[in-house]
Structure formats: C-alpha cells, structure tokens
Amino acid sequence: MEQSDRLHMPLFSIRIVKDLTGLTPRQIRYYESHGFVQPARTEGNQRLFSFADVDRLLDIKQLLEQGVNMAGIKEMLDSRRKEERKNEQEREESKRVHEKIKWEALHQGNAYKASMIQGQLSHFFH
DNA sequence: GTTCTAACA
DNA sequence: TGTTAGAA
C-alpha cells in the first residue's frame with residue numbers, strides 16, 4: 001500500500017463527503033467511531049477523507065439501506081480485512097519466491113556461461 | 001464560517 | 001439519529 005495512491009490521498013472535508021454520500025456529518029462521525037472509515041486529520045484536527053473512504057461510506061450506506069445492521073457491517077468489514085491481510089501475505093510470499101528463483105537463475109546462469117566458455121576455449125587448445 | 005467533541009432530547 | 005453548546 002502506497003501513500004501516494006490516489007485512492008488513499010486525504011482530500012475531502014466532511015462537508016464534501018456529506019454532499020458526495022448524502023450522509024449527515026453526524027452519521028459520518030458515528031461510522032468512523034465504529035471503525036468503518038479512518039480519515040486522516042489536518043493539523044487543526046479536522047477530518048480529511050480519501051476516495052477510498054468515500055467509496056466505503058457509500059458501501060456502508062447501501063448496506064444500511066438494505067437492512068444490514070451495524071454488527072453485520074462490522075462482520076463484513078472484518079472478513080474483508082482478513083482477506084486483505086491474506087492477499088498481502090500471499091503477495092509477499094510470491095515476491096520472496098520470485099527473488100529466490102531470480103537469484104538462483106543468476107548464479108546457475110553464470111556457472112553455465114563459465115563452463116561454456118571453458119568448453120569453447122578448450123577447442124582452441126586441442 | 002466550518003468542524004470538533006460531548007452530551008442530551 | 002438530530003441537535004445543541006462551547007472550544008479549535
């Protein structure tokens with residue numbers, strides 16, 4: 001996860017988020033207090049929401065409109081976080097394996113080239 | 001003027 | 001959840 005990712009850049013005041021989502025500032029703060037979003041803060045302690053925060057709030061709103069209660073949303077969020085952790089672990093493992101294969105290929109390749117050169121040179125001395 | 005937290009209807 | 005009070 002990069003901080004430079006446009007999705008996660010802290011950009012919007014709570015008023016903009018209110019206009020974007022149709023939620024009241026009261027609801028937005030309430031959902032934050034339950035961990036549904038984690039907006040950044042300015043030096044003056046005012047919330048700054050990212051595109052990702054807005055998207056998540058829209059998801060929350062839709063779920064609420066469909067009759068899902070707070071506990072249900074919390075479960076979905078927890079399972080989603082679990083999935084993200086799993087994916088990140090898999091990415092790191094995949095990266096490790098890739099590095100290992102690359103390292104081995106490099107060394108095997110050098111040994112192979114060296115033996116080839118020796119083999120080719122040997123033709124001139126026989 | 002806007003947003004924050006806390007508290008109460 | 002809405003609304004209000006007093007402070008940033």
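Order of the sequence lines sets the chain letters (A, B, ...), proteins ahead of strands, with each chain counted from 1.
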Interatomic distance where CD belongs to A:Glu32 and C1' belongs to B:dC4 [whole Å]: 11 Å
Give A:Arg15 one of three labels, base, sugar-phosphate or nothing, depending on what nucleic acid heavy atoms sit under 4.0 Å from its own. sugar-phosphate
Taking OP1 and OP2 of C:dT1, is either one under 4.0 Å from a side-chain nitrogen or oxygen of A:Tyr31? yes
More than 12 heavy atoms from other groups under 6.0 Å of CE on A:Met76: no
So, is A:Arg26 close to the C:dT3 phosphate, meaning a side-chain N or O under 4.0 Å from OP1 or OP2? no
Is the number of heavy atoms from other residues, nucleotides or ligands under 6.0 Å of A:Arg96 CZ greater than 12? no
Please give, in whole Å, the distance from C:dT1 P to A:Ile28 CD1? 11 Å
One pair to check against side-chain contact (heavy atoms from CB on, under 4.5 Å): A:Phe51 and A:His8. What are the steps and the verdict? CA-CA 6 Å; A:Phe51 280 114; A:His8 300 99; over 6 Å; no
Which whole-number value in Å describes the distance from A:Glu43 CD to B:dC4 P? 16 Å
Rounded to the nearest angstrom, tell me the gap between atom CD1 in A:Ile14 and atom C1' in B:dC4. 9 Å
Check the phosphate of C:dT1 against A:Gln27, side-chain N and O only, distance under 4.0 Å to OP1 or OP2. Yes or no? yes
Would you find a donor on one side and an acceptor on the other, under 3.5 Å apart, between the side chain of A:Ser50 and the backbone of A:Leu7? yes
Residue A:Arg41, side-chain atoms from C-beta onward, closest of B:dT3, C:dT1, B:dT5: B:dT5
Please confirm whether the shortest side-chain N or O distance from A:Ser13 to OP1 or OP2 of B:dT3 is below 4.0 Å. yes
Are OP1 or OP2 of B:dT3 and a side-chain N or O of A:Arg47 less than 4.0 angstrom apart? no
Please check if atom CD in A:Glu90 has more than 12 non-hydrogen atoms from other residues, nucleotides or ligands closer than 6.0 Å. yes
If you find the nucleotide of DNA chain C closest to A:Leu64 and the one closest to A:Gly44, which residue's nucleotide is nearer the 5' end? A:Leu64
Figure out the CG/C1' separation between A:Asn45 and B:dT3, and round it to whole Å. 9 Å
Expressed as a whole number of angstroms, how long is the span from A:Lys18:NZ to B:dT3:C1'? 13 Å
